[in-house]
Amino acid sequence: KHLLITLILLILPFSISADDYPLTSIGVIDLNYILTNSKASIDASKQIEKIQKNVEEEIKIIEEDIISERERLIEQQSVMAPDAFEEKVKDFEKKVQNSQINRQESVRKLELMVQQARSTILDELKPILVEYSKEEGITVILEKNTVILSSDEMDMTSAVMKKLDKKISKIDVKYND
């Protein structure tokens with residue numbers, strides 16, 4: 001008799017709580033794949049590479065100018081007065097320091113540009129995910145790299161990417177000078 005009461009008390013909370021939760025259907029998506037292989041991502045990558053190459057060329061020209069100026073400064077050392085030479089060295093060091101700061105700023109701007117491109121793609125992807133999950137009855141979407149094991153039927157990456165590619169194939173990537 002006590003065993004029967006104990007079993008009823010154990011089973012009763014589970015049956016009540018199971019009714020409280022909606023039926024759960026899970027989808028899995030590989031955001032890294034989409035952010036690498038969607039048409040908009042590929043287009044953004046090409047734009048970013050072109051901008052990055054231009055920035056690197058500008059930095060290279062500045063570095064070459066600094067090297068030339070350093071060589072001229074070394075040549076002038078023997079014919080200049082020590083005070084005048086010291087002043088030129090200080091000016092040169094400021095120029096080198098400013099160059100390094102500008103280089104760091106350029107790297108920061110490039111990183112920001114990549115983040116903005118990714119953010120734009122993700123912003124376009126969100127309504128697609130909502131629509132797709134409603135169509136398929138999916139109540140939970142998990143990122144693929146956080147899932148240990150899932151069936152291929154749960155992977156919605158290719159279907160969602162096709163919808164994203166139809167919606168947006170290019171984005172405008174800008175480097176803020």
Side-chain angles (χ1 to χ4, degrees), residues 27-133 141-148 150 152 155-177:
V28 177
I29 189 162
D30 189 346
L31 289 177
N32 289 330
Y33 183 82
I34 289 175
L35 289 171
T36 304
N37 298 302
S38 67
K39 288 180 181 178
S41 297
I42 292 170
D43 177 65
S45 293
K46 288 177 183 175
Q47 293 179 60
I48 290 168
E49 284 177 26
K50 186 176 179 181
I51 293 168
Q52 187 174 11
K53 186 178 178 181
N54 291 339
V55 169
E56 287 173 359
E57 286 174 6
E58 289 174 11
I59 290 172
K60 185 179 178 184
I61 290 169
I62 292 169
E63 287 177 349
E64 288 172 354
D65 287 345
I66 288 175
I67 290 170
S68 296
E69 188 174 334
R70 187 184 90 210
E71 290 171 356
R72 282 192 306 274
L73 196 59
I74 291 170
E75 290 172 3
Q76 293 174 351
Q77 181 178 9
S78 61
V79 294
M80 288 183 84
D83 291 343
F85 179 74
E86 215 172 287
E87 188 65 33
K88 287 241 183 200
V89 168
K90 284 181 184 177
D91 290 343
F92 175 75
E93 288 172 350
K94 284 180 187 177
K95 187 174 184 178
V96 169
Q97 187 176 23
N98 287 337
S99 171
Q100 291 171 344
I101 290 169
N102 289 338
R103 182 187 187 110
Q104 290 171 351
E105 184 65 19
S106 295
V107 168
R108 189 191 67 75
K109 287 178 183 178
L110 287 169
E111 289 171 354
L112 182 62
M113 184 179 58
V114 171
Q115 290 173 358
Q116 288 172 339
R118 290 174 61 96
S119 179
T120 300
I121 293 167
L122 289 173
D123 288 345
E124 294 290 333
L125 183 62
K126 285 177 189 175
I128 293 171
L129 289 173
V130 170
E131 177 187 328
Y132 185 82
S133 64
I141 299 174
L142 300 174
E143 167 60 47
K144 190 170 188 168
N145 65 10
T146 63
V147 176
I148 296 172
S150 67
D152 290 341
D155 193 339
M156 53 195 262
T157 304
S158 62
V160 169
M161 193 165 87
K162 285 178 188 173
K163 289 179 179 260
L164 178 67
D165 286 345
K166 284 181 185 176
K167 184 177 180 184
I168 182 172
S169 62
K170 295 182 180 205
I171 60 171
D172 189 25
V173 177
K174 293 181 182 175
Y175 180 77
N176 299 322
D177 279 332

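Heavy atoms only: backbone and side chains are in, while hydrogens, waters and symmetry mates are out.
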Result block: side-chain N/O donor-acceptor pairs under 3.5 angstrom for residues 40-50, not counting sequence neighbours:
residue : atom : partner : partner atom : Å
S41     : OG   : I34     : O            : 3.2
S41     : OG   : L35     : O            : 3.1
S41     : OG   : S38     : OG           : 2.8
D43     : OD2  : Q47     : NE2          : 2.7
D43     : OD2  : I171    : N            : 3.4
S45     : OG   : S41     : O            : 3.0
Q47     : OE1  : V173    : N            : 3.1
Q47     : NE2  : I171    : O            : 2.7

* Do the side chains of D155 and K144 get nearer than 4.5 Å, heavy atoms only? -> yes
* Asked: Tell me, do N37 and M161 make a side-chain contact under 4.5 Å, heavy atoms counted?
  -> yes
* Any donor and acceptor pair, going by atom type alone, linking the side chain of S169 with main-chain N or O of D165 inside 3.5 Å? -> no
* **Heavy-atom side-chain contact between E124 and K167 under 4.5 Å** => yes
* Structure fact -> The reported gap from CG in L73 to CE in M80 (rounded to nearest 0.5 angstrom) is 7.5 Å
* Asked: Given side chains that start at C-beta, do those of L125 and L31 come closer than 4.5 Å, heavy atoms only?
  -> yes
* Carefully, step by step, assess I121 and I168 under the rule side chain to side chain contact (heavy atoms under 4.5 Å, CB included). => CA-CA 8 Å; I121 293 167; I168 182 172; 5.8 Å; no
* **Residue pair N32 / N145, side-chain heavy-atom distance below 4.5 Å** => yes
* To do: Can you measure from CD1 (I29) to CG (L129) and round to the nearest 0.5 angstrom?
  => 4.5 Å
Going by atom type alone, with no hydrogens or angles, which donor-acceptor pairs under 3.5 Å involve a side-chain atom of residues 82-105 and a protein atom two or more places apart or on another chain?
residue : atom : partner : partner atom : Å
K95     : NZ   : E69     : OE1          : 2.7
N98     : ND2  : K94     : O            : 3.3
N102    : ND2  : N98     : O            : 3.3
R103    : NH1  : E63     : OE2          : 2.2
E105    : OE1  : R108    : NE           : 3.4
E105    : OE2  : R108    : NE           : 3.4
E105    : OE2  : R108    : NH2          : 2.6

* **Enclosure of Y33 OH (heavy-atom neighbours >12, cutoff 6.0 Å)** => no
* To do: Starting at CD of E56, measure out to OG of S106 and round the result to the nearest 0.5 Å.
  => 10.0 Å
* To do: Please step through side chain to side chain contact (heavy atoms under 4.5 Å, CB included) for the pair E111 and V107, ending with a clear verdict.
  => CA-CA 6 Å; E111 289 171 354; V107 168; 3.7 Å; yes
* Asked: In Å and rounded to the nearest 0.5 Å, what is the CG to NZ distance from D172 to K170?
  -> 11.0 Å
* At their closest point, which heavy atom of I128 faces which heavy atom of L164, and how far apart are they? -> CD1-CA, 3.5 Å
* **Student check: side-chain heavy atoms of E57 and N54 closer than 4.5 Å** => yes
